[in-house]
Amino acid sequence: MKPLFLKETAFAQINRRLEVLRGIKDKASVRNGWIHYMRTALGLTLSELGERSSHSKQSVSQAERREADGLVTLSTLKKMAEAMECELVYAIVPKKDMKTLIHETAFEKAQKPLGIADL
């Protein structure tokens, strides 16, 4: 078993990384989606991005709509980003610090076999 201080150090490192991501969360979305945002910022037409990504103009337009609707795949986002010489940055960020989240999850798991509901 690892010493406790290593676990505390790991939690601290995780929380520091997640705090940085929480700090940019409000800036991480744009109204029409990132594909559209970056395409227009780079001055690319739908056709030009289509050529760069080996997709049709219609496919690029559909990807933009699907992203704005929250239905785009990570694969599509990655392809479009690469076609614009950008990187896709993806993260799952807990709303609470990791230690609290782990403790709450463990508590919920412990309640199940005992048949205890919402203490």
Side-chain angles (χ1 to χ4, degrees):
M1 188 165 173
K2 293 183 180 180
L4 183 60
F5 74 88
L6 288 178
K7 291 180 183 178
E8 292 298 322
T9 301
F11 276 124
Q13 290 171 345
I14 291 167
N15 279 324
R16 275 195 302 273
R17 178 172 279 178
L18 293 173
E19 279 304 313
V20 170
L21 293 172
R22 277 188 204 99
I24 64 169
K25 182 181 74 78
D26 294 335
K27 298 175 180 110
S29 63
V30 290
R31 187 177 341 146
N32 294 321
W34 283 101
I35 299 170
H36 180 266
Y37 186 83
M38 289 307 299
R39 178 180 63 75
T40 57
L42 293 169
L44 297 172
T45 65
L46 290 168
S47 297
E48 289 169 332
L49 182 53
E51 288 174 24
R52 286 177 169 215
S53 64
S54 301
H55 289 83
S56 68
K57 173 183 172 179
Q58 293 78 15
S59 293
V60 174
S61 179
Q62 180 183 32
E64 288 183 357
R65 282 192 311 275
R66 290 181 66 78
E67 182 186 6
D69 293 339
L71 301 171
V72 72
T73 65
L74 287 175
S75 175
T76 297
L77 283 173
K78 186 175 181 181
K79 288 175 189 172
M80 294 296 150
E82 288 173 353
M84 293 183 281
E85 296 187 35
C86 296
E87 292 183 50
L88 174 64
V89 178
Y90 179 80
I92 296 176
V93 181
K95 295 176 183 178
K96 303 172 184 177
D97 73 88
M98 286 298 294
K99 189 180 277 188
T100 301
L101 190 59
I102 289 169
H103 284 265
E104 288 176 358
T105 303
F107 185 74
E108 287 173 18
K109 283 184 174 185
Q111 288 179 356
K112 286 182 183 178
L114 300 174
I116 300 171
D118 299 325
L119 288 179

Compile the donor-acceptor pairs under 3.5 Å between side chains in residues 17-28 and protein atoms, sequence neighbours left out, one pair per line.
| residue | atom | partner | partner atom | Å |
| --- | --- | --- | --- | --- |
| Glu19 | OE2 | Arg22 | NH1 | 2.5 |
| Arg22 | NE | Pro94 | O | 3.0 |
| Arg22 | NH2 | Pro94 | O | 3.0 |
| Arg22 | NH2 | Lys96 | O | 2.8 |

Which donor-acceptor pairs under 3.5 Å do side chains of residues 80-91 form with protein atoms, sequence neighbours excluded?
none

Item checked: Nearest-0.5 Å distance, CD1 of residue Ile14 to CD1 of residue Ile102 -> 6.5 Å
Note to self: Filter on salt bridge (charged side-chain N to carboxylate O under 4.0 Å, His left out), then keep only pairs touching residues 44-66, sequence neighbours left out; what's left?
What the structure shows: Arg39-Glu64
Notebook entry, point to check: When rounded to the nearest 0.5 angstrom, what distance separates CD1 in Ile35 from OG1 in Thr76?
Noted result: 7.0 Å
Checklist line | Sequence-distant partners of Ser47, side chain to side chain donor-acceptor pair (under 3.5 Å), two or more places apart | finding: none
Notebook entry, point to check: Listed by chain and number, what are the side chain to side chain contact (heavy atoms under 4.5 Å, CB included) partners of Gln58, not counting sequence neighbours?
Noted result: Ser56
Next item on the list: Under the side chain to side chain contact (heavy atoms under 4.5 Å, CB included) rule, collect the residues that match up with Ser75, sequence neighbours excluded.
Entry: Thr73, Lys79
Note to self: Just to verify, what does Arg16 make a side chain to side chain contact (heavy atoms under 4.5 Å, CB included) with, not counting sequence neighbours?
What the structure shows: Ala12, Gln13
Notebook entry, point to check: Are Val30 and Leu44 joined in one hydrophobic group, where the rule is that I, L, V, M, F, W and Y side chains link up if heavy atoms are under 4.5 Å apart?
Noted result: yes
Check: Among all residues two or more places apart in sequence or in another chain, which pass the side chain to side chain donor-acceptor pair (under 3.5 Å) test with Thr100?
Finding: Asp97
Notebook entry, point to check: Is there a chain of hydrophobic side chains (I, L, V, M, F, W, Y, each step under 4.5 Å between heavy atoms) that links Leu49 to Leu74?
Noted result: yes
Next item on the list: Hey, could you give me each pair passing ring pair (Phe, Tyr, Trp, His ring centres under 6.0 Å) that has a residue in residues 25-47? Not counting sequence neighbours.
Entry: Trp34-Tyr37
